[in-house]
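First comes the structure, then the notes that go with it.
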2 protein chains.
Amino acid sequence: MIDLGRLRALHAVASYKTVLAAGQALHCTPSAVSQQLAKLERETGTTLVEKDGRGLRLTEAGQLLARHAERVLATVDEAEAALAAHRDTVTGRLTVVAFATACRALLPWALHRLASEHPQLSTGLLEANPHEGLDALHRGHVDLAVLDDWPEAPLRYPAGIAHVELGWDLVDLVVPSGHRLSGTTTLAKCRDERWIAAPVGDICHEWLMRVMPGLQPDFHVGEFETQMTLIAAGLGIAVIPRLARTALPDGARIVKLNPEPRRRVVVAWREAAAARPAIKAAEQALRASWTQASAARASRTVNAPA
Amino acid sequence: MIDLGRLRALHAVASYKTVLAAGQALHCTPSAVSQQLAKLERETGTTLVEKDGRGLRLTEAGQLLARHAERVLATVDEAEAALAAHRDTVTGRLTVVAFATACRALLPWALHRLASEHPQLSTGLLEANPHEGLDALHRGHVDLAVLDDWPEAPLRYPAGIAHVELGWDLVDLVVPSGHRLSGTTTLAKCRDERWIAAPVGDICHEWLMRVMPGLQPDFHVGEFETQMTLIAAGLGIAVIPRLARTALPDGARIVKLNPEPRRRVVVAWREAAAARPAIKAAEQALRASWTQASAARASRTVNAPA
DNA sequence: GTCAATCATGTAGCCAACCTACAACGTGGG
DNA sequence: CCCACGTTGTAGGTTGGCTACATGATTGAC
C-alpha cells in the first residue's frame, strides 16, 4: 500500500510547484523529495511528474493522485485532531464500582456532579464488595472503583492498579436506648452482647471476625438500616460506619468506642487509564462528594447529638 | 504526523481482536504489531489498548483512532483504485500538434475517431511546423506531434522523444495543363521554370532549397490549394505532396518525378508519457486515419487519373 | 553568444526504523 | 497445578530514508 511520506512529497510538489520548495516545506533536501517521487512512480507504475524547463510539472495521473493525497492527508489530520480533542476531554463512558454504602451515600452526588459538569460523559454504576470491585476494575469491567479498606483486613492492590485515599470513615457502636453501655467503651467489653453483623463473606463481617476473633453474632443482616431497626427493637448491638448512618431511629443511641475503629475509603483505577481525563474528573467529583457528605454528617451530629 | 503502518496495525487489531491474528493478517509477527502499537501510543501520548485477560482490548481512544484509521485506509484505497483506473483508461486531455496538411487531411478523422471511441478523452489541436511542433512536444505544451520529416532535411529528435513512422507521403510535380513537360521527368529538368514555393522559413521551402540549391522561386505561398490555383492559372509549377492534394483543378495536371520525392510522416511523443493509454490510442487513431486517407487517394487516382 | 544562476537528479554513506526469532511473563482452562 | 495461549521485551540483521556532493539541463542576463 502507498506510503504516507510519498503522498506528502507529491502533495508538497503539487502545492509548491518545485521540488526545492517542497523540500523546504517538508524540512528535507530536494534530493529526498525527488527520491520519494521516483519511488512512488515505481510503486504505482505510473508517471507522475514530467520535466518542464528548469522545474517539473505533474502529469494528469500525478494531479489525480495529488488530489487524492490531499484528501488522505486531511483525513489523517482529522484523526489526529479527534484524538487530541479526546485526550483532554471528559468524554466516553465511565463505569464505577463501589461498595454498598458508597453507592448510597457518595455516588449519587458524585455522578450527578459529573454528569452536569461533563455532559459528554456517560456513567454507569455497579455495586460490589471491595474484592469483587478490585477484580472488576482489574479485568476492565469498570473504570473506577470506590473501595472500603479496613486496616485490620487490608486490601491487596494488584500491580497496575493505582489508588488514593478519599478519607477515613469512623465506626460507632450502636446500642438500644436502654442499654447498659454508655459514654465510651471498647469492643472487648462488648463481647458478651447479642451481636448484629453482616452476612458471612461480607468484608464487614470479615473485619468484625478479625477484630473480635471467635465472636458468634446472632443476626446476619447486610443493610445497615435494617441493623439499626433491629437495634432499636432492642434485639442486639452493632458497629455501624458513619457513612452508612442516616438518622438514628428512636430506640437506638450511639456509644463511642476507644480506640475508634475506622475504615479507609479509597478510589482506585488502572494505571493504564490514569491519563484519561474522565478518571481524574470522577476522582475530583468523588472527593467533592466526600467532603460534602462529611459536612452533612457533622451538621447532623450537631443538630441531633446522640 | 501519524504513520500509515501504525494505523494499519491498530485497525487490524481492532478488526481481529488479537495481536496474533492481526499479525497474520498483516503478514508479520505479533511482536511487530505490538511494537507498532507501542510506538503509536508513545507518539500520540495516548493509551490505545489495555490488557484484557490473555488478549487485549481497545480503550475508547483506541476505538476512536481505529475508526478514523478505517477512514484513512479507505481513502488511501480509493486513491490507489483511482490511479489504477486512470492508468489503463483513455482519459484526460490530449493536445496534438501537427503540420498544416496533416491538420486538414489526417487530424479531423483521427480526432473524431478518438472522441467517439473514448468519450472521456478531451482533445486539442495546434497547427505548427515540425520544428515548432517538436519543441512544443518537448516542452510539454502538447502531448503528441504529427510531423513531416523530409529525408533531405531530416528532423533532429531530442532525447526523451520517441517517434514512429506513420507512412510515406509522395510528392508530385504539378504543372499547368498546357505545359511542355509530360510523362516522367526530374527536378533538375525543371530548374528554369517559374516556381511556386512555400514561404521562406517553411520546411517545404527549406526542403526545396536543399533539393534544388540556388533556386529562386517567383511565388511564395503557404497553402497548397492556392499554389494549385496559381498553377491552373498558368503562372508556374510546384511540387505538391499527395496528402495535401484534394482534387486537381481544371488547368493543372500531374507530372511524375523520378526519383519520386517523398516525406516521412511521423508521430512523436515524450517517452515519459509513452505508457499513457491516450497516447497509444491516439497513435492508433492516426494510423487508421492514415490508411483511410491513403485508400481515398488511391480510389481518387483511379477515378480521375491525371 | 557565453556565463552564471537555478533546479532536478543521480551516488555514496550514514543512520534510523522495522521486522524476525527467541525468550519471558501473565492468564485461563482442564 | 500444569499446560496452552497470547502479549511483550530484547538482540540482531536488513531495509529504507536522508544528507552531502556532483552532474546535467535550462533559463535569463550581460
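Reminder, nothing fancy here: chain letters follow the sequence lines and each chain counts from 1.
Out of D:dT19, C:dT20, D:dT8, the shortest distance to the side chain of B:L56 is found at D:dT8. Nearest to the side-chain atoms of A:S34 among the listed nucleotides C:dC7, D:dC18, C:dT9 stands C:dT9. If you check D:dT27, C:dT27, C:dC19 against the side chain of A:R54, the one that comes closest is D:dT27.
Atom-to-atom, CG of B:L58 to P of D:dT7 comes out at 12 Å; the value is rounded to the nearest Å. Atom C1' of nucleotide D:dT27 and atom CZ of A:R57 are separated by 16 Å, given to the nearest angstrom. Atom CG of A:L20 and atom P of D:dT19 are 13 Å apart (whole Å). For the pair B:E50 CD and C:dT27 P, the interatomic distance rounds to 14 Å; values are reported in whole Å. One atom, CD of B:Q35, and another, P of D:dA11, lie 12 Å apart when rounded to the nearest Å. When rounded to the nearest whole Å, the span between CG of B:D135 and P of D:dA25 equals 16 Å. Between the C1' atom of D:dT27 and the CG atom of A:D52 lies a distance of 12 Å, rounded to the nearest Å. For the pair B:L40 CG and C:dC18 P, the computed distance is 11 Å after rounding to whole Å.
In this structure, B:R8 and A:M1 have side chains that are in contact, with non-hydrogen atoms separated by less than 4.5 Å. No side-chain heavy atom of A:D149 sits less than 4.5 Å from a side-chain heavy atom of A:P130.
In this structure, the side chain of B:E41 engages the main chain of B:V49 through a donor-acceptor pair within 3.5 Å. Distance alone, capped at 3.5 Å, is enough to place a donor-acceptor pair between the A:R57 side chain and the A:K51 backbone.
In this structure, A:V33 and B:R139 both approach DNA chain D, and ranking their closest nucleotides by distance from the 5' end singles out A:V33. Both B:R6 and A:H138 lie near DNA chain C, and the one whose nearest nucleotide falls closer to the 5' end is B:R6.
Shown here are the ring-ring contact (aromatic ring centres under 6.0 Å, His included) partners of A:H86, two or more places apart in sequence or in another chain: there are none.
At least one side-chain nitrogen or oxygen of A:Q36 sits closer than 4.0 Å to the OP1 or OP2 atom of D:dC18. Between B:R42 and the phosphate of C:dA17, there is no side-chain N or O to OP1/OP2 separation shorter than 4.0 Å. Contact annotation: B:K39 side-chain N/O to C:dC18 OP1/OP2 distance is under 4.0 Å. Here A:T29 reaches the OP1 or OP2 of D:dT19: one of its side-chain N or O atoms lies under 4.0 Å away. In terms of phosphate contacts, B:S31 brings no side-chain nitrogen or oxygen within less than 4.0 Å of OP1 or OP2 of D:dT7.
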